[in-house]
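See below for the structure under consideration.
To find a chain, count down the sequence lines: A is the first, B the second, and so on, and within it residues start at 1.
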There are 2 protein chains.
Amino acid sequence: MSLLNDIIEKLRTKGCKITPQRRIIIQSLLKLDKFPTALELCNDIRQTNPEIGLDTVYRNLGLLVNMGIVNQINLHGKDTKVFELALGEHHHHLICLNCGTASCLDYCPVDEKELQKTVGLRFEIIGHSLELYGYCQKCKALTSLPQRLK
Amino acid sequence: MSLLNDIIEKLRTKGCKITPQRRIIIQSLLKLDKFPTALELCNDIRQTNPEIGLDTVYRNLGLLVNMGIVNQINLHGKDTKVFELALGEHHHHLICLNCGTASCLDYCPVDEKELQKTVGLRFEIIGHSLELYGYCQKCKALTSLPQRLK
DNA sequence: CTTTCTGCAAAAGCTTTGCAGGGTG
DNA sequence: CACCCTGCAAAGCTTTTGCAGAAAG
């Protein structure tokens with residue numbers, strides 16, 4: 001069974017209706033090889049389906065994030081978020097301070113159980129997010145590196 | 001020497017002018033016992049200095065962040081940021097999914113050197129941010145816990 | 001005196017919402 | 001056929017910017 005169908009099925013189970021727009025939005029997320037912002041995703045979709053509104057994209061991304069099907073990644077300092085399908089294992093992101101692209105790090109150095117011991121009773125840990133900032137291979141090679149981590 | 005003076009001195013060294021507004025903004029940051037948003041900080045300031053503009057607060061927070069005097073914390077999902085003085089050691093934050101308040105965790109489980117080895121040459125790590133999400137002591141005790149980590 | 005900073009106002013994003021019509025189950 | 005979803009348009013928020021005057025060094 002395809003990933004698309006898996007996701008559709010999950011939505012159906014939770015009582016969501018399956019509309020053409022939803023299919024297209026999920027397909028586009030599956031297809032893209034970068035993590036898009038809501039606007040980028042919408043632009044991509046509009047190349048073939050110009051009738052789909054940006055608000056529909058936002059509404060559905062919100063829905064998918066709530067269902068745990070999509071992850072929302074905060075870029076450092078930037079006020080826009082990028083989205084990725086939450087398909088694989090728990091992982092983190094390497095975010096380039098120069099070009100802003102995010103790539104995956106299939107490794108998590110955070111042991112929540114251990115941390116919970118450190119924290120004690122004052123806080124109940126449910127999850128965490130970790131972003132690594134730096135320079136990707138391409139930008140590392142540039143002669144004029146921009147300002148360092150702010 | 002007071003913290004205020006330390007910061008003022010640092011600004012002076014970098015060629016920034018010391019204006020009454022700057023003093024007040026820094027004092028207010030020092031005084032508040034929570035991490036404020038730009039708007040909250042401005043409201044606090046305006047109780048005693050109603051003539052200071054929100055845009056001035058934004059401009060100065062930006063300046064202080066760039067100089068490494070202030071840290072900017074992303075709240076999960078929220079589109080507003082909160083600010084804290086970067087006085088002590090490198091540390092992270094516990095962010096309550098219910099009430100949204102952030103508290104400090106004086107411990108960092110992330111070994112950047114070790115991570116750099118894992119990542120290899122494809123990315124040069126400069127820094128990282130880690131936020132822990134969950135419920136604070138107060139909200140943990142509530143009978144009706146809200147939805148879990150989105 | 002020169003340069004930086006402020007306050008005002010307006011603009012500029014990104015994201016959300018009200019509403020009426022249309023599609024899904 | 002009831003309810004959910006879409007598209008449109010407008011509004012809402014946070015944050016940024018242009019500009020002229022004021023202040024700091």
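Side-chain atoms of Asp55(B) lie closest to dC8(C) of the nucleotides dT6(D), dG7(D), dC8(C). For Leu39(B), whose side chain is taken as the heavy atoms from C-beta onward, the closest listed nucleotide among dC8(C), dT15(D), dT14(D) is dT14(D).
Whole-Å rounding puts the Gln72(B) CD to dT14(D) C1' distance at 12 Å. In this structure, the CD atom of Glu9(A) is 14 Å from the C1' atom of dG25(C), given to the nearest Å. Distance CZ (Arg59(A)) to P (dC8(D)): 11 Å, rounded to an integer number of Å. A straight line from CG of Asn60(B) to C1' of dT6(C) spans 9 Å, rounded to a whole angstrom. The distance between atom CD1 of Ile24(A) and atom P of dG23(C), rounded to the nearest whole Å, is 14 Å. In this structure, CD of Glu51(A) is placed 16 Å from C1' of dG21(C), rounded to the nearest angstrom. Between Lys81(B) atom NZ and dT15(C) atom P the separation is 11 Å, expressed in whole Å. For Ile8(B) and dC5(C), the CD1 to C1' distance is 14 Å, given to the nearest whole Å.
Among Leu63(A), Val65(A), Val70(A), the one residue that satisfies the side-chain contact (heavy atoms from CB on, under 4.5 Å) test with Met67(A) is Leu63(A).
A donor-acceptor contact closer than 3.5 angstrom is absent between the side chains of Thr56(A) and Gln21(A).
Here the side chains of Leu105(A) and Arg122(B) are in contact, with some heavy-atom distance below 4.5 Å.
Taking 4.0 angstrom as the limit, Thr56(B) places none of its side-chain polar atoms (N or O) nearer than this to OP1 or OP2 of dT6(C). In this model, the phosphate group of dG7(C) is approached by a side-chain N or O of Gln21(B) to a distance below 4.0 Å at OP1 or OP2. Remark: Thr19(A) is in phosphate contact with dT6(D), judged by side-chain N or O atoms under 4.0 Å from OP1 or OP2. The side chain of Tyr58(A) contributes an N or O atom lying less than 4.0 Å from OP1 or OP2 of dT15(C).
Where Cys16(A) and Lys17(B) each meet DNA chain D at their nearest nucleotide, the meeting point lying more 5' is that of Cys16(A). In terms of position along DNA chain D, the nucleotide closest to Ile52(A) lies nearer the 5' end than the nucleotide closest to the other residue of the pair Arg12(B) and Ile52(A).
Proximity of the aromatic rings of His128(B) and His93(A) is defined here by a centroid distance below 6.0 angstrom, and this criterion is not met.
Considering CG of Leu41(A) and CZ of Phe35(A), their distance stands at 13.0 Å, rounded to 0.5 Å.
Note on Leu54(B): a base of the nucleic acid sits closer than 4.0 angstrom, heavy atoms only. As judged by a 4.0 angstrom heavy-atom cut-off over every strand, Arg22(A) is placed among residues touching the sugar-phosphate backbone only.
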